[in-house]
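Here the structure is laid out as structure tokens; the discussion comes afterwards.
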Amino acid sequence: MSYFPEIPVVQFEGASSDNPFAFRHYNANEKVGNKTMAEHLRFAAAYWHVMRNGLSDPFGAPTALMPWDDHTESLQNALNRVPVFFEFLEKTTIPYYCFHDRDISPEGATLSETHKNLDRVVSAFEAQQKQTGKKLLWGTACLFAHPRYAQGAGTSPSANVYAYAASQVKHALEATHRLGGEGYVFWGGREGYATLLNTNMKRELDNLATLLHLAVDHAKKIGFTGQFYIEPKPREPSTHQYDSDSAACLNFLREYDLLSHFKLNLETNHATLAGHSMEHEMEVAIAANALGSVDANRGDTLLGWDTDQFPSDLYLTTNIMLRILKMGGFTTGGLNFDAKRRRESHEPADLFHAHIGGMDAFAYGLKAAHRIIQSGKIDQFVAHRYASFDSGIGAKIATRTTSLDELDHYAQEIPAPTLESGRQELLENIFNAQIFG
Ligand code: XUL
Ligand code: CO
């Protein structure tokens, strides 16, 4: 039984191919440097977008055609979706996937029935993983969609709601562990506030940190050794989310003694909503040795919300891969397509066009980033730009072995410094030359 009978298993055909169901740049086993493209890129598909996103927007109903789905919240419907998803993974050749507990299984009449539903669907995933060799990159709990979490989950003003959230985290973590997940994500969709008038911020942050500590303790108890991540986002749905950007997350993790247990899962459109570039967010995380994984998508400069578009911009993919290569590559993380088709691209075939495009754009970005590093020109320029800190008075500054008195004396003895060009335009030309290939 095939759910996508018209779609072949997507193969690499090279840049001159005009087959819309072929890769032009992503060649899984081709080596770039010392690793294959598949090893560098570690692509994952997001269950919530591929299987559950009807493509509605704030002004209109869902449009996505899902002939395999009866649109009920039944356990049977949840089970029916599983083989569809794995056929999708096989045909796109995407090796990993990510899910929220509530994407894959419905709520029951009671909390324990809800957990039973999850267990049942996880068994179906387990069987499909065995059959196909596909793997779980990370799992997470949906602590933002149900009305009970309207005022937060780990930051709810109600201890009972908090306990519900904790129960969900426990079971989502156990499901992730059962499926051999390499990571577990916390995205604080409602972990923020709508108004400070009703909010005790310190109390909410303390409670949120406790939830993360409890998850770390539980992971130890059950033997889950995957990586924990926080995914920053500044707003939407909350007016303000506590995990607003890389710097805010790192500060929170340090303050609550969690930095040794967590890394960041950075999403491009969240970075831009925070008023940063993805490159900036990555550099902040890498400097703290805390870049873990990437939710690969992009926003739209004309729209101020989280459009979750597929990453087709080669400058963006090159910039992302440049940082991934420089940090020595992913370990537990990967490139998860947290991206959805436009509402107008509602046919199942569009799911394939979207992922093929994203995979090719990242393969191209990987090759361009590798060329940029190989040419060494930008790295040499940057090294030279800071070379005055490698010796003499600069080295004393770098090692913090000087004083204001010494610098004062030194500065008065030297000729006045002159301005050296930052050569931004030259560097942009060098970057472009490698993108052109
Ligand atoms: C929401 C978002 C989430 C997280 C997982 O903007 O990115 O889907 O990736 O909860
Ligand atoms: Co995301």
Side-chain angles (χ1 to χ4, degrees), residues 42-58 96-105 136-146 149 152-155 165 168-169 172-173 175-176 181-192 208 211-212 215 226-246 249 262-274 276 278 281-282 285 291-300 303-311 316 320 332-341 354-355 358:
R42 294 170 55 88
F43 288 125
Y47 197 85
W48 56 99
H49 284 309
V50 175
M51 299 309 298
R52 304 309 311 278
N53 200 322
L55 307 179
S56 61
D57 71 15
Y96 287 94
Y97 69 98
C98 301
F99 72 88
H100 301 82
D101 51 0
R102 290 295 82 80
D103 307 330
I104 64 169
S105 77
L136 178 61
L137 190 69
W138 51 260
T140 186
C142 177
L143 301 176
F144 46 87
H146 194 281
Y149 298 126
T155 62
Q168 230 181 292
V169 168
L173 190 56
T176 301
E182 298 187 23
Y184 184 89
V185 164
F186 281 88
W187 171 59
R190 306 274 171 192
E191 313 296 24
L208 180 59
L211 183 61
L212 304 193
Q227 177 63 52
F228 280 104
Y229 307 103
I230 290 194
E231 182 175 326
K233 185 175 180 180
R235 59 179 173 279
E236 198 192 78
S238 299
T239 313
H240 175 93
Q241 280 167 229
Y242 295 131
D243 305 329
S244 55
D245 64 3
S246 287
C249 285
F262 278 79
K263 290 195 170 180
L264 302 185
N265 178 41
L266 296 179
E267 178 166 326
T268 311
N269 205 171
H270 297 178
T272 49
L273 285 174
H276 305 304
M278 181 62 166
E281 289 295 83
M282 294 180 84
L291 178 61
S293 201
V294 167
D295 270 10
N297 66 15
R298 70 182 165 93
D300 185 309
L303 294 171
W305 72 83
D306 197 7
T307 57
D308 277 348
Q309 281 166 253
F310 273 83
L316 172 67
I320 290 176
T332 51
L335 294 169
N336 169 42
F337 289 113
D338 192 354
K340 64 183 182 207
R341 300 161 285 160
H355 287 82

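The shown structure was predicted, so the numbers you read here are calculated from the model rather than taken from an experiment. The chain is numbered in sequence order, starting from 1. Just follow the structure's listing: the first ligand is 1, and inside any ligand the first atom is 1.
Contact between His270 and ligand 1 is present, with at least one heavy atom of the residue lying under 4.0 Å from the ligand. Heavy atoms of Val185 stay at 4.0 angstrom or farther from ligand 1.
Heavy-atom contacts of Asp306 reach the following atoms of ligand 1: 6 (O) (cutoff under 4.0 Å). Interface atoms of ligand 1 facing Glu267, defined by a heavy-atom separation under 4.0 Å, are 2 (C), 7 (O), 9 (O). Close contacts of ligand 1 with Lys233, meaning ligand atoms under 4.0 Å from a residue heavy atom, involve 6 (O).
Taking distance alone, with nitrogen or oxygen atoms compared against 3.5 Å, Glu231 approaches ligand 1 more closely than that limit. Any N or O atom pair closer than 3.5 Å counts here, and Asp295 shares at least one such pair with ligand 1.
Take Arg341 and apply the side chain to side chain donor-acceptor pair (under 3.5 Å) test, not counting sequence neighbours, and it matches no residue. Looking at residues two or more places apart in sequence or on another chain, you find a ring pair (Phe, Tyr, Trp, His ring centres under 6.0 Å) between His100 and Trp48, Phe144. Partners of Glu182 under the side chain to side chain donor-acceptor pair (under 3.5 Å) rule, at least two apart in sequence or in another chain, are Arg42, Tyr96.
Here 4 is the count of protein N, O or S atoms positioned under 2.8 Å from the Co ion (ligand 2), waters not counted.
Between Ile320 and Thr268, some side-chain heavy-atom pair lies under the 4.5 Å cut-off. In this structure, Thr140 and Glu231 have side chains that are not in contact, with every pair of non-hydrogen atoms separated by 4.5 Å or more.
The backbone N or O of Ser246 lies less than 3.5 Å from a partner atom in the side chain of Glu281, making a donor-acceptor pair. Listed for the Ser293 side chain is no donor-acceptor partner under 3.5 Å among the backbone atoms of Leu335. Side chain of Asn269 to backbone of Asp308: a donor-acceptor contact under 3.5 angstrom is found.
Remark: of the listed residues Phe186, Tyr229, Phe228, Trp187, Tyr229 is the sole one forming a side-chain contact (heavy atoms from CB on, under 4.5 Å) with Asn265.
Only the side chain of His100 comes within contact range of ligand 1, with a heavy atom under 4.0 Å; no backbone atom does. When non-hydrogen atoms are compared, ligand 1 lies under 4.0 Å from neither the backbone nor the side chain of Asp308.
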* Might you work through the side chain to side chain contact (heavy atoms under 4.5 Å, CB included) test for Arg235 and Leu273, ending with a clear yes or no? => CA-CA 8 Å; Arg235 59 179 173 279; Leu273 285 174; 4.0 Å; yes
